[in-house]
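I have placed the structure first, in the form of C-alpha cells, so that the comments after it can refer back to it.
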Amino acid sequence: MNLRLTLGAYERVIDPATQATLVVPGSYRAVVLVILLFATLGALENLHEEIIALVPVPVLLSRGLGFGAVTALGMSLGASVVGAAFGKANPFAAGIALKAAQVPLLTDVRIRSGVLVAAVAVWIAWTLFSTSRDDMRPDVRPDVAPGQSDYASGRDLTMVLMLLAPIGVYVWGVLSLDWGFNELTALFLVAGLLVGLVSGLSAGDSAVAFIKGAESMLGAALFVGVARSLSVVLTDGQVIDTIVYGLVSPLSTVSPSVAAILMVPIHALIHIPVVSNSGQAVLTMPIMAPIADLLGISRMAAVMAYQTGAPLIDAITPTNGALMAMLLKANVPFGRWIRFVVPGMLLVALVGVVGVVLLR
C-alpha cells in the first residue's frame, strides 16, 4: 500500500517496498506553475544568471515531486529562457533590439503576445512529456518521514516574498532608471541579509552564512568569467564584425520570405561567440534592420528573428558561462542536458519562425 504525503502545494506517493517516489497528477500541476513563474520573470527582466544561486531550490522541489535534476532545470532555466526570448517587456532582448531597429515598443503587440503564449505552452508540453524519461535517482530517499506533513510557516512565506521583492524593484529600475547588474547585486545583497535576520540569525551570523553561500558560487563565477572573456576577445579584435558580414551577405541572394527565416539561424550562430543578448542586439540589429528594408521585410520581423535565434540559444550554447554554472550546480552532464533541451527548443523555435512569417 502506497503512502501519500502532502508537501505544501504538491503531493507525492512513496512505495514502502522500494522507497521510490511515484508521480501523481498534483506533481504535474506544480511543474506547470513553476514554469509559468520562471517564464514570467524571464519575460519581465531576462532572468538568467540570477538562477545560478537558486538552482538547489528547483532541484529539491523536482526530487520531491518524483522527478530528477533535468526537470528542475527545464522548469527553471528552460522556462526563463523561453520567456526572455519572446517577452515583450524584456529590456535586455526585445527592448534593446527594438530600439536598435528603430521600431516602437508596442508594434504588433498582439502577434508578439500570441507568440509568447504559444512558446511557453510548447515548452510546458515538452517538459511534461520529458518528465517520464527524467532520471528519478534511486539514491534519493524521502525527506519527510511517513505520517508527517511539512507545511510552510508564516515566516517561510515572508522570507520567500522578501527574496522576490527585489525582482519587482529591479524591473522598475531597469525601465525607469536604466539600472544594470550592479543595482541587481545590491538589491539581492540587502534582501539576503534581511532574510537572515528574519530567520532568527544575528547580523554577524547572517554575514557568515552569506559568505559561506558565496563559496559555493566560486566555480560558477569562474565559468561565467571565462566565457565572457572569449566574447570580449572576439569583439575587441573585431572578429565578430567579420563573422556578421560573412553570414549576412548571402541574404541578398534569396527571396524575402526565405531571407526572413534564414535570419534565425544566422542569429543563432552569432550568439555562440556573442553570449550577451543586449550586446548581440546592438551589434546586429543596425545591420539587419536596413537589410530588412532592402529585402521588403518588416523590421519587426527582423527583431522577431533575432529573438528566436539569439536569446533562445542561451539554453544550449556551451560558451554561455551561466548555463554551464547551472549545470554544474545541478550535477547534470552537458550531454544529458542537450538531449533534453535541443528537441524542446527546436519546437519553440518553430513558434518563433511562424511569428517571423506572420510579421514579414
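Here, residue 1 is the first one in the sequence, and each next residue gets the next number. Hydrogens, waters and symmetry mates are skipped; everything else that's a heavy atom, side chains included, is used.
Within the 4.5 Å cutoff, no side-chain heavy atoms of L37 are placed close to those of M75. A heavy-atom distance below 4.5 Å is found between the side chains of L194 and V190. Residues V169 and E183 have side chains not in contact (no heavy-atom distance under 4.5 Å, counting atoms from C-beta outward). Inter-residue side-chain proximity for V31 and L128 is flagged as met; some heavy-atom pair is nearer than 4.5 Å. Looking at heavy atoms from C-beta onward, V348 lies in side-chain contact with F86 at the 4.5 angstrom threshold.
At a threshold of 4.5 Å between side-chain heavy atoms, the hydrophobic network of Ile, Leu, Val, Met, Phe, Trp and Tyr places V303 and V282 in two separate groups. Linking Ile, Leu, Val, Met, Phe, Trp and Tyr residues whenever their side-chain heavy atoms come within less than 4.5 Å leaves V57 and L41 in two separate clusters. V342 and I124 end up in the same hydrophobic cluster when Ile, Leu, Val, Met, Phe, Trp and Tyr side chains are linked at under 4.5 Å. Note: the hydrophobic cluster containing F129 also contains V351 (ILVMFWY, side chain heavy atoms under 4.5 Å, direct or indirect links). Connection of I96 to V275 is not established within any shared hydrophobic cluster, with ILVMFWY side chains joined at heavy-atom distances below 4.5 Å, either directly or through further cluster members.
Counting only distance, with no hydrogens or angles, the side chain of W337 and the backbone of L323 share no donor-acceptor pair below 3.5 Å. Under the 3.5 Å distance criterion, the side-chain polar atoms of T71 are left unmatched by any main-chain donor or acceptor of S62. When atom types are taken as modelled, the side chain of T317 and the backbone of I313 share no donor-acceptor pair closer than 3.5 angstrom.
Pairing each heavy atom of V274 with each of Q280, the nearest pair is O-OE1, 3.6 Å. Between A72 and P58, the shortest heavy-atom contact is CB-O, 3.3 Å. Smallest separation of non-hydrogen atoms from V81 and L312: CG1-O, 3.7 Å. Residues G352 and V115 come closest through the heavy atom pair CA-CG1, 4.5 Å. A330 and V59 make their closest contact through CB-CG2, 4.0 Å (heavy atoms, listed as atom of the first residue, atom of the second, distance). Closest approach of M300 and T107 over heavy atoms only: SD-O, 4.0 Å.
The CG atom of L65 sits 11.0 Å away from the CZ atom of R29 when rounded to the nearest 0.5 Å. Atoms CG and CD1, from L359 and I111 in turn, are 4.5 Å apart once rounded to the nearest 0.5 Å. Rounded to the nearest 0.5 Å, atoms CZ (F38) and CG (L33) are 12.5 Å apart. Within the model, atoms CD1 of I287 and CD1 of I266 stand 11.0 Å from one another, a figure rounded to the nearest 0.5 Å. Here the straight-line distance linking atom CG of L54 with atom NZ of K329 works out to 9.5 Å at 0.5 Å rounding. Between the CZ atom of R112 and the CZ atom of R110 there is a distance of 13.5 Å, given to the nearest 0.5 Å.
Among residue pairs with one or both ends in residues 293-310, those qualifying as side-chain hydrogen bond (donor to acceptor under 3.5 Å, both in side chains) are D293-R299; sequence neighbours excluded.
Every residue two or more places apart in sequence or in another chain that forms a side chain to side chain donor-acceptor pair (under 3.5 Å) with T127 is listed here: W123. Annotation: ring-ring contact (aromatic ring centres under 6.0 Å, His included) contacts of F334 (sequence neighbours excluded): none.
Between the side chains of H48 and N320, at least one donor-acceptor pair of N or O atoms lies under 3.5 Å.
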